Q: 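My structure is below; once you've seen it, I'll send some questions.
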Amino acid sequence: MSITVAIDIGGTHIRVAAYEPESITPIAQTRVRSLADQPGVFDRLVKAIESIWPREKVDSIGIASPGPLDPHTGTILDTPNIKEWINFPVGPKLSECFGVPVYLDNDANMAGLAEWKYGAGIGHHDLVYLTISTGIGGGVITNNHLLQGSRGMGAELGHMTVDPNGPPCGCGCNGHIESFSSGTAIARYVNDQLNAGQKSTLQSQPVVTTVQIAEAALQGDVLAISAFERAAYYLGIAVANYLAIFDPSILVFGGGVSQVGDLLFKPFETSLRKHVFHPHYLDDLIITKASLGDDAGLLGALALAHSMGVI
Ligand SMILES: [Zn+2]
């Protein structure tokens, strides 16, 4: 019996877990602070792996990491989350340390892969996963394969342009869907409207967050409701585009902003129906929430390591 080690590298924590074959319950796991803006992230990662390294044979290591990255070479390109990792070959370096193959892909792709293999998307052949939190990330399964692309940079669904004259995106471009519908974008819109003098119960709050906006919207606050309607309108445009490209049978939504439910998804579905190329895309289309929560990155890394060679 051989063991697979899965790693989820996040901006605040690194999680490492070891799994027996056919199991998604770890036999050992640990979580350490990544301290991503300080030197020594790689050393902390190695120590965390060593702390759970099993006595049994390990067959491979899978990693979910913030991108952009190149899964074909196991290299982190220039993730804003970890300052010292620029063109950093984390895969080959770990492979040298531990003597096993190491497979790497970005956290959103890994969450999509995990939801397909172990979560909300089990049994589907074509799945589009979107995580809506501070940013927007995506993962695509097409005909039972994880879409990676020739450079490993496929499925960057958050950076699809929905209005070239739109607000600046975290990536520097204008009008990407992330700049309209992420939690950051929703809060920015509300703050801009408040600064412009629009009346709202949120005026009394020193800093307005997405959670506060959702609470205000549920109390009937017009500005808060309109902020989600605006985010949902653009999200409908983006997802209509994804349907035209990938034609999935299921859309899986993860991330904190997705938890607001009908505030976002009712107007989203209206916009999606309006913008979709053909209503046939919506026949039997399942729109659902992700089911794996914080474990999605780890389980995606596990699935990647298990399936290398066949995906
Ligand atoms: Zn962007």
Side-chain angles (χ1 to χ4, degrees), residues 9-12 36-37 64-71 75-83 85-88 104-113 128-140 146-193 209-210 213 227-246 248 251-258 260 264 268 271-272 275 290 296-297 300:
I9 299 174
T12 53
D37 54 349
S65 166
L69 53 76
D70 185 342
T75 303
I76 308 280
L77 299 181
D78 53 358
T79 177
N81 289 13
I82 305 173
K83 298 266 182 289
W85 285 9
I86 295 172
N87 291 321
F88 187 77
L104 166 75
D105 207 332
N106 79 58
D107 38 19
N109 279 0
M110 292 299 82
L113 182 66
V128 170
Y129 169 83
L130 270 186
T131 174
I132 310 177
S133 56
T134 52
I136 294 183
V140 173
L146 176 69
L147 190 153
Q148 290 181 304
S150 64
R151 295 164 193 79
M153 293 179 73
E156 286 289 355
L157 304 184
H159 301 284
M160 171 173 273
T161 304
V162 290
D163 177 359
N165 300 313
C169 184
C171 71
C173 295
N174 280 76
H176 288 173
I177 185 58
E178 180 174 298
S179 74
F180 284 102
S181 306
S182 65
T184 310
I186 293 168
R188 180 176 57 195
Y189 172 76
V190 168
N191 281 307
D192 286 351
Q193 297 301 308
T209 65
T210 319
I213 298 167
F228 282 108
E229 285 176 345
R230 176 177 177 271
Y233 174 79
Y234 286 100
L235 192 62
I237 295 175
V239 172
N241 292 334
Y242 307 148
L243 294 188
I245 302 167
F246 304 116
L251 297 170
V252 180
F253 285 91
V257 176
S258 301
V260 303
L264 185 71
F268 159 71
S271 175
L272 180 60
H275 293 104

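Remember, it's 1-based here, ligands and their atoms both numbered in the order they're listed. Because the structure is a prediction, the values reported are computed rather than measured.
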Q: Ignoring hydrogens and geometry beyond distance, is a side-chain donor-acceptor pair present between Asn109 and Gln148 at under 3.5 Å?
A: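 No donor-acceptor contact under 3.5 Å links the two side chains.
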Q: Extract all donor-acceptor atom pairs below 3.5 Å that involve side chains of residues 181-190 and protein atoms in other chains or at least two apart in sequence.
A:
residue: Ser181; atom: OG; partner: Ala231; partner atom: O; Å: 2.7
residue: Ser182; atom: OG; partner: Thr134; partner atom: O; Å: 3.3
residue: Ser182; atom: OG; partner: Glu178; partner atom: O; Å: 2.8
residue: Ser182; atom: OG; partner: Ala185; partner atom: N; Å: 3.1
residue: Thr184; atom: OG1; partner: Thr134; partner atom: O; Å: 2.7
residue: Arg188; atom: NH1; partner: Pro168; partner atom: O; Å: 3.3
residue: Arg188; atom: NH2; partner: Pro168; partner atom: O; Å: 3.4
residue: Arg188; atom: NH2; partner: Ser179; partner atom: O; Å: 3.2

Q: Judged by atom type as modelled, is there a donor-acceptor pair below 3.5 Å linking the side chain of Ser133 to the main-chain atoms of Gly255?
A: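 Such a contact is absent between Ser133 side chain and Gly255 backbone.
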Q: Is there a donor-acceptor contact under 3.5 Å from the side chain of Asn81 to the main chain of Pro66?
A: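 Between the backbone of Pro66 and the side chain of Asn81 there is no qualifying donor-acceptor contact (under 3.5 Å).
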Q: Listing by chain and number, what protein N/O/S atoms are under 2.8 Å from the Zn ion (ligand 1)?
A: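 Per the 2.8 Å query on the Zn ion (ligand 1), atoms found are His159 ND1, Cys169 SG, Cys171 SG, His176 ND1.
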Q: Could you check whether Tyr234 and His176 have their ring centres less than 6.0 Å apart?
A: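 No, they do not, as the ring centres are separated by 6.0 Å or more.
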Q: Which distance, rounded to the nearest 0.5 Å, do you find between the CE of Met160 and the CD1 of Ile237?
A: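 The CD1 atom of Ile237 is 11.5 Å from CE of Met160, to the nearest 0.5 Å.
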